[in-house]
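Only one structure is covered here, and it is reproduced in the block below.
Quantities reported herein were computed from a predicted structural model and do not represent experimental measurements. A, B, ... follow the sequence lines: proteins, then strands. Residue 1 opens every chain.
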Protein chains: 2
Amino acid sequence: MENRLSAPTRLEDIAARVGVSRSEVSRVLNGRARAGKSVGAATRDRILEAAREMNYSPHRAAQSLVSGRTNTAALMIVIDRQAKASPFLEDHDAPDELSPHYHEILGGLTYTLNEYGIHLMLAQCGGPNIDPNVAMEQIARSHTCDGLIITDMMIDDVRPAILDQTGLPYVVRGSSPQPDTVAVGMDNAAVGYEAVKYLYGLGHRRILFYNIRRELMVGQGRFEGMCRAREEFGLHATLEYRDDVHHQNGVYTSLLQRLQEPNIPTAIFAEDEISALGAERALTEAGLRVPEDVSVMTCLNARFMRLVAPHLTVLNVRLNEVASQAGHLLAKMVQGEVVERKQVFLQPILEERGSTAPPRGNS
Amino acid sequence: MENRLSAPTRLEDIAARVGVSRSEVSRVLNGRARAGKSVGAATRDRILEAAREMNYSPHRAAQSLVSGRTNTAALMIVIDRQAKASPFLEDHDAPDELSPHYHEILGGLTYTLNEYGIHLMLAQCGGPNIDPNVAMEQIARSHTCDGLIITDMMIDDVRPAILDQTGLPYVVRGSSPQPDTVAVGMDNAAVGYEAVKYLYGLGHRRILFYNIRRELMVGQGRFEGMCRAREEFGLHATLEYRDDVHHQNGVYTSLLQRLQEPNIPTAIFAEDEISALGAERALTEAGLRVPEDVSVMTCLNARFMRLVAPHLTVLNVRLNEVASQAGHLLAKMVQGEVVERKQVFLQPILEERGSTAPPRGNS
DNA sequence: CTGTTAGCGCTTTCAA
DNA sequence: TTGAAAGCGCTAACAG
């Protein structure tokens with residue numbers, strides 16, 4: 001206690017020093033006082049100067065209490081000992097490891113929300129014996145934030161229903177199972193469709209499609225797109241589909257086994273960069289080259305992966321842009337604008353690099 | 001307004017319904033009412049039930065205002081159009097791209113703080129015409145959070161001095177230029193030293209050491225460690241040091257040029273995973289193999305990089321653990337515990353993989 | 001232009 | 001065990 005600092009400055013303190021009332025100081029500091037030419041101008045400057053000298057900074061809780069706004073948006077995340085931080089994590093991941101795709105989401109959200117003067121809070125809804133949805137509802141009801149972003153939607157996700165009851169503005173980053181929701185996501189059907197179409201266009205017929213779990217909206221969407229392409233290009237007999245193995249080791253192991261069977265695929269679509277690398281590892285071990293013997297493609301989730309695996313042909317799913325647009329919408333809703341309750345889908349962008357080529361024997 | 005929801009439940013509402021006073025409800029809900037066997041027990045249950053039925057959740061701003069606590073910690077980050085989000089980013093990176101090393105920091109911090117019931121807020125201190133330090137000071141003074149974490153320390157960093165004046169608890173993630181600061185970081189000198197020592201132990205004498213900018217504490221620390229090792233192992237003539245080129249393309253270009261000169265190094269230490277891959281690219285293009293012709297090692301900043309570049313020998317700088325320990329300390333400080341104002345350094349852990357080997361001609 | 005007053009929702013003495 | 005009252009720091013309606 002020896003180094004006790006002087007108590008933080010309040011409006012009251014400035015008022016006392018300048019010799020005016022609290023409200024006057026409040027008005028001046030909030031710009032609600034017209035810069036009239038009369039007496040005001042002088043006191044006005046004295047107030048501003050005093051505020052500066054005294055390092056005044058308004059108490060946010062007090063402001064929030066009266067204004068009803070926190071200037072904060074929350075991103076719901078779940079880190080848990082038991083459950084995983086995200087459906088995208090591997091089983092052996094440490095509990096404090098965030099799924100890599102959060103990286104882009106956080107960047108896009110933080111950057112965009114900042115343009116509206118809104119801070120981002122990570123609403124950790126995990127913990128022992130805690131139902132994430134209950135934790136989320138409490139955050140939503142406690143005026144902790146002005147709005148909420150939820151991600152990683154499941155096909156039976158009840159969070160939109162819960163949040164609708166609370167009245168808190170929220171936006172879904174991704175696809176929502178309920179159509180009547182503000183949501184910004186990737187067109188996952190397009191991802192599934194375009195992947196197959198692209199490989200088909202190169203001449204591939206034997207395609208192995210690794211998908212995300214279909215309990216997730218992403219997985220379901222990609223599945224539907226894949227089905228459409230399979231239909232359109234007549235690949236019923238030759239397009240293999242799997243959504244039961246995941247992550248690097250899962251795909252690696254599964255593919256290694258598959259390669260010992262007949263009619264190996266000439267092209268592989270992997271669910272993400274990490275599993276694409278798992279696929280490549282299996283191919284290499286089996287003595288196959290990419291792309292000469294087998295083509296591999298996947299989605300670009302994080303931009304720095306371009307530096308890490310620059311050879312991969314990818315569909316850029318633009319997580320940062322999705323998050324950014326979600327941020328814009330949420331900011332508008334928080335400001336009271338009425339936003340149409342519908343889903344916005346961005347299109348994936350093909351980035352063709354060295355891991356894909358026409359199959360052997362083709363041109 | 002047609003779908004107007006009922007106003008959120010207040011203490012008052014519960015009190016009215018049960019027929020007691022606000023204070024009574026407050027006490028019960030906060031467990032400040034002993035579970036006496038007398039009349040209390042009955043009203044107590046009715047209060048709890050009413051609170052549940054009415055979806056009561058305390059208004060955080062109101063609680064904060066009276067308690068003086070927000071149960072929030074903030075991580076200062078700077079995303080800016082002009083400046084870069086982090087000193088570790090490449091020039092061409094988009095403004096909304098977070099430096100990858102934040103990934104581990106965020107995971108470790110969020111996870112640990114959650115154990116104390118503390119949420120993490122990303123305190124974005126960037127923006128056009130905004131001095132990040134001023135923005136930080138305002139956040140510190142406005143009772144937006146109970147504590148602050150600052151990272152990416154520069155050797156002339158003034159943030160500790162600023163924060164000391166505000167009285168807000170804070171901890172430095174990394175090394176602080178001021179010794180009288182609560183800080184948790186990697187032993188950067190050990191990183192520089194151990195890297196050289198390890199390569200020396202393998203038999204390497206011509207070592208090329210790429211370092212982080214020395215304006216950063218990390219760079220300065222590694223430099224000092226490298227110097228000590230250079231001295232100890234008598235490598236004055238053969239250890240090349242550079243801290244003027246960075247990132248993947250910088251290292252790639254620089255190394256490609258170096259390889260055309262005589263006496264090429266037999267081992268390279270790169271500042272991070274991304275630049276290590278740049279170094280490997282240059283080596284490959286020059287017809288050199290890793291590790292047969294040249295060894296490459298770097299630091300492990302993000303754990304998932306093990307999956308992405310599993311062949312790299314690394315010094316694990318354990319960013320998540322550093323962040324986690326920083327979180328523990330901050331939580332204690334927030335709770336009023338007196339924490340010794342000194343710096344804690346974790347040791348890097350060598351993870352030997354396939355990118356390093358004894359130089360040609362050695363055993 | 002400026003001061004007075006009330007009140008945001010909660011916690012916490014202090015009495016009863 | 002419970003209620004009444006004060007107050008956290010701020011904003012805004014209403015007088016003057």
Side-chain angles (χ1 to χ4, degrees), chain A residues 6-48 50-51 54-71 138 141-146, chain B residues 6-48 50-51 54-71 138 141-146:
Chain A
S6 53
T9 307
R10 299 159 305 154
L11 273 187
E12 185 80 49
D13 303 321
I14 301 179
R17 164 129 153 216
V18 178
V20 293
S21 73
R22 274 209 316 272
S23 13
E24 187 63 1
V25 179
S26 171
R27 275 184 293 246
V28 168
L29 259 33
N30 291 316
R32 300 223 196 305
R34 284 171 291 177
K37 53 179 179 288
S38 63
V39 206
T43 41
R44 192 171 160 280
D45 290 346
R46 290 174 55 216
I47 290 172
L48 288 172
M54 301 171 81
N55 281 316
Y56 175 74
S57 198
H59 193 298
R60 297 236 320 180
Q63 280 186 318
S64 280
L65 186 55
V66 56
S67 73
R69 286 208 36 190
T70 60
N71 293 311
Q138 277 177 2
R141 289 193 188 279
S142 63
H143 299 247
T144 298
C145 54
D146 298 334
Chain B
S6 54
T9 307
R10 299 160 305 154
L11 230 38
E12 184 79 49
D13 303 321
I14 301 179
R17 162 128 156 217
V18 177
V20 292
S21 72
R22 275 211 314 273
S23 9
E24 189 64 1
V25 179
S26 171
R27 276 185 291 248
V28 168
L29 258 32
N30 291 314
R32 300 223 194 307
R34 283 170 293 176
K37 54 180 179 290
S38 64
V39 202
T43 42
R44 191 170 161 280
D45 291 345
R46 290 174 55 217
I47 288 173
L48 289 173
M54 301 171 81
N55 281 317
Y56 175 74
S57 198
H59 194 299
R60 296 237 318 179
Q63 280 186 318
S64 280
L65 187 54
V66 54
S67 73
R69 286 208 36 188
T70 61
N71 294 312
Q138 277 177 2
R141 289 193 188 279
S142 63
H143 300 248
T144 297
C145 55
D146 297 335

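- When rounded to the nearest whole Å, the span between CG of Asp45(B) and P of dT1(D) equals 14 Å.
- Taking 4.0 angstrom as the limit, Ser26(B) places a side-chain polar atom (N or O) nearer than this to OP1 or OP2 of dT11(C).
- Using a 4.0 Å cut-off, some side-chain N or O of Thr43(B) falls inside it from OP1 or OP2 of dT2(D).
- Rounding to whole angstrom units, CG of residue Leu29(B) and C1' of dT12(C) are separated by 15 Å.
- Atom CZ of Arg69(B) and atom C1' of dG9(C) are 19 Å apart (whole Å).
- At least one side-chain heavy atom of Ile47(A) sits less than 4.5 Å from a side-chain heavy atom of Leu29(A).
- Residues Arg10(A) and Asp13(A) have side chains in contact (heavy-atom distance under 4.5 Å, counting atoms from C-beta outward).
- If you take CZ of Arg141(B) and C1' of dG9(D), they are 17 Å apart, rounded to a whole angstrom.
- For Glu24(B), whose side chain is taken as the heavy atoms from C-beta onward, the closest listed nucleotide among dT1(D), dC10(D), dC10(C) is dT1(D).
- Looking only at side-chain heavy atoms (C-beta outward), Thr9(A) and Arg141(B) stay at 4.5 Å or farther from each other.
- Contact check, Tyr56(B) against dC10(C): a side-chain N or O comes under 4.0 Å of OP1 or OP2.
- Between His143(B) and Pro8(A), some side-chain heavy-atom pair lies under the 4.5 Å cut-off.
- Whole-Å rounding puts the Met54(B) CE to dG9(C) P distance at 13 Å.
- Within the 4.0 Å cut-off from OP1 or OP2 of dG9(C), not a single side-chain nitrogen or oxygen of Gln63(B) is found.
- Within 3.5 Å, a donor on the side chain of Arg27(B) pairs with an acceptor on the base of dG3(D), or the reverse.
- To the nearest angstrom, C1' of dC10(D) lies 14 Å from CG of Asn71(A).
- Residue Ser23(A) places a side-chain atom within donor-acceptor reach of the base of dT4(C), judged by atom type and a 3.5 Å distance cut-off alone.
- Of the candidate nucleotides dG3(C), dC10(C), dG3(D), dG3(C) has the atom nearest to the side chain of Ser21(A).
- Rounded to whole Å, atom C1' of dA13(D) lies 14 Å from atom CZ of Arg22(A).
- Here the straight-line distance linking atom OG of Ser21(A) with atom CD of Glu12(A) works out to 9.5 Å at 0.5 Å rounding.
- The CG atom of Leu65(A) sits 9 Å away from the P atom of dC10(C) (whole-angstrom rounding).
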